[in-house]
Amino acid sequence: MAVAGDGHILHGMHFNHLDLNLLVALDALLAEQNITRASRRLHLSQPAMSGALARLREYFGDDLLAPIGRRMVPTPLAESLAGPVRDILLKVETTVQIRPEFDPARAQRHFKLLMSDYVSIVLMTKALPLIQQIAPQVTIELLPYSDRPWESLERGEVDALIQPTQYIHEGHPAEALFEDSYTCIAWQENQLIGESITLEEYLALGHVAVRFGQQRLPAFDEWFFDHYGHTRRIEIITASFSTLPQFVVGTTRIATIHQRLADFYLRFLPLKRVAPPVEMPHLTEVIVWHRYRNRDPALLWLRNILRQCVDSPPPQ
DNA sequence: TTCAACTGGTCTCAGTCGAG
DNA sequence: CTCGACTGAGACCAGTTGAA
């Protein structure tokens with residue numbers, strides 16, 4: 001036991017009088033703003049978390065989380081600590097995780113990737129078999145498109161996200177993976193539609209559209225037609241690209257989806273491709289990773305694999 | 001250097017307290 | 001009353017001490 005200059009008694013391992021494990025507790029406490037939930041996150045009992053908060057309060061000389069009514073509200077000091085502490089822990093995590101070499105044949109790495117189900121269908125269906133061949137011990141977890149994919153990346157909850165260029169933010173490195181364009185699909189036996197379609201015909205049909213997450217964010221096609229003042233009659237809203245083509249089959253409805261996704265489903269479903277009534281811009285899917293993982297050879301390897309998996313066409 | 005006994009901090013469990 | 005934060009008792013274990 002040692003006594004520090006300011007009279008604090010020190011036990012165990014400390015960094016400038018602070019037990020660094022308390023930062024882990026602080027991060028969980030500030031993220032949850034609730035002691036019980038923070039304790040579950042760290043697999044501790046509620047009293048243990050309460051004790052950690054008491055030690056943090058002692059160290060900082062501040063309540064950090066103060067009860068207001070039934071809620072625990074962070075103090076201004078706690079607010080100002082939240083971002084930097086999260087950043088430090090992420091830096092620690094990436095530091096201890098990185099190995100100078102990535103040996104695919106033996107590596108046991110687990111990757112968490114966030115992407116739309118469209119990307120998982122057109123990209124991961126090709127990438128996963130290849131990854132199993134080259135890196136049999138690597139495991140992959142695909143996370144659904146949330147309302148705030150960028151926050152998941154910032155918080156280090158995912159290794160990378162894959163999304164269209166228009167949604168990327170500054171501050172983290174990104175790399176293009178593949179391009180795609182849009183097409184319409186209809187049921188093969190839909191007599192109302194031929195190989196092409198006029199805008200009037202298009203707008204007269206019922207549409208199947210996709211919206212994501214809690215906020216029900218529209219997919220690009222919906223945004224595009226709204227933006228140009230063309231009101232489509234959306235009769236079916238579904239939550240995933242993978243269900244959308246099946247909701248066109250057996251109906252006179254139409255859907256506007258990615259070429260590559262259409263190619264995929266044309267192999268299984270009685271669908272026909274219809275050229276969109278107006279020219280739609282191409283989209284580029286990019287992979288974005290946290291700047292702290294920039295030097296991670298494992299991620300570099302994964303990016304190379306993913307790039308290999310998309311052979312050039314569709315965009316025409 | 002190694003080992004056993006000891007020490008102190010943090011854990012869990014059980015229970016209390018206070019707000020809504 | 002219910003829910004969630006806090007408190008106290010005892011267990012557990014990492015780190016320290018001191019002897020061989």
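Reminder, nothing fancy here: chain letters follow the sequence lines and each chain counts from 1. Predicted model, so just to flag it, every value in this text is computed and none were measured. Computed from heavy atoms alone, side chains included, the values below leave out hydrogens, waters and symmetry copies.
Protein atom CD of E58(A) is 13 Å distant from nucleotide atom P of dT7(C), rounded to whole Å. As a whole-Å value, the separation of L65(A) CG from dA5(C) C1' is 11 Å. Separating the CE atom of M72(A) from the C1' atom of dA19(B) is a distance of 13 Å, rounded to the nearest angstrom. Rounded to whole Å, atom P of dG4(C) lies 16 Å from atom CE of M49(A). Rounded to whole angstrom, the span from the CZ atom of R37(A) across to the C1' atom of dA5(C) amounts to 13 Å. Residue L64(A) contributes atom CG, which lies 15 Å from atom P of dA5(C) at whole-angstrom precision. Summarising the geometry, the separation between CG on N21(A) and P on dG15(C) is reported as 11 Å, rounded to the nearest angstrom. For the pair Q46(A) CD and dA14(B) P, the interatomic distance rounds to 14 Å; values are reported in whole Å.
At the heavy-atom level, S45(A) lies under 4.0 Å from base atoms of the strands shown.
Side-chain atoms of Y59(A) and D19(A) form no donor-acceptor pair, as typed in the model, at a separation below 3.5 Å. Between the side chains of D87(A) and Y292(A), at least one donor-acceptor pair of N or O atoms lies under 3.5 Å.
The environment of OH in Y228(A) is sparse: at most 12 heavy-atom neighbours from other residues, nucleotides or ligands sit within 6.0 Å.
Applying the 4.0 Å criterion to OP1 and OP2 of dA5(C), one finds that N34(A) has a side-chain N or O inside that range. Of the side-chain N and O atoms in T36(A), one or more sit less than 4.0 angstrom from OP1 or OP2 of dA5(C). Residue R57(A) places at least one side-chain N or O closer than 4.0 Å to OP1 or OP2 of dC6(C). Applying the 4.0 Å criterion to OP1 and OP2 of dC11(B), one finds that R55(A) has a side-chain N or O inside that range.
H172(A) is linked by a ring-ring contact (aromatic ring centres under 6.0 Å, His included) to W150(A), H290(A), counting only residues two or more places apart in sequence or in another chain.
A ring-centre distance under 6.0 Å is not found for H282(A) and Y182(A).
Along DNA chain B, the nucleotide closest to A52(A) and the one closest to I68(A) are compared, and the more 5′ of them pairs with A52(A).
For A48(A), the side-chain atoms get nearest to dT12(B) when compared with the rest of dT10(B), dC6(C), dT12(B).
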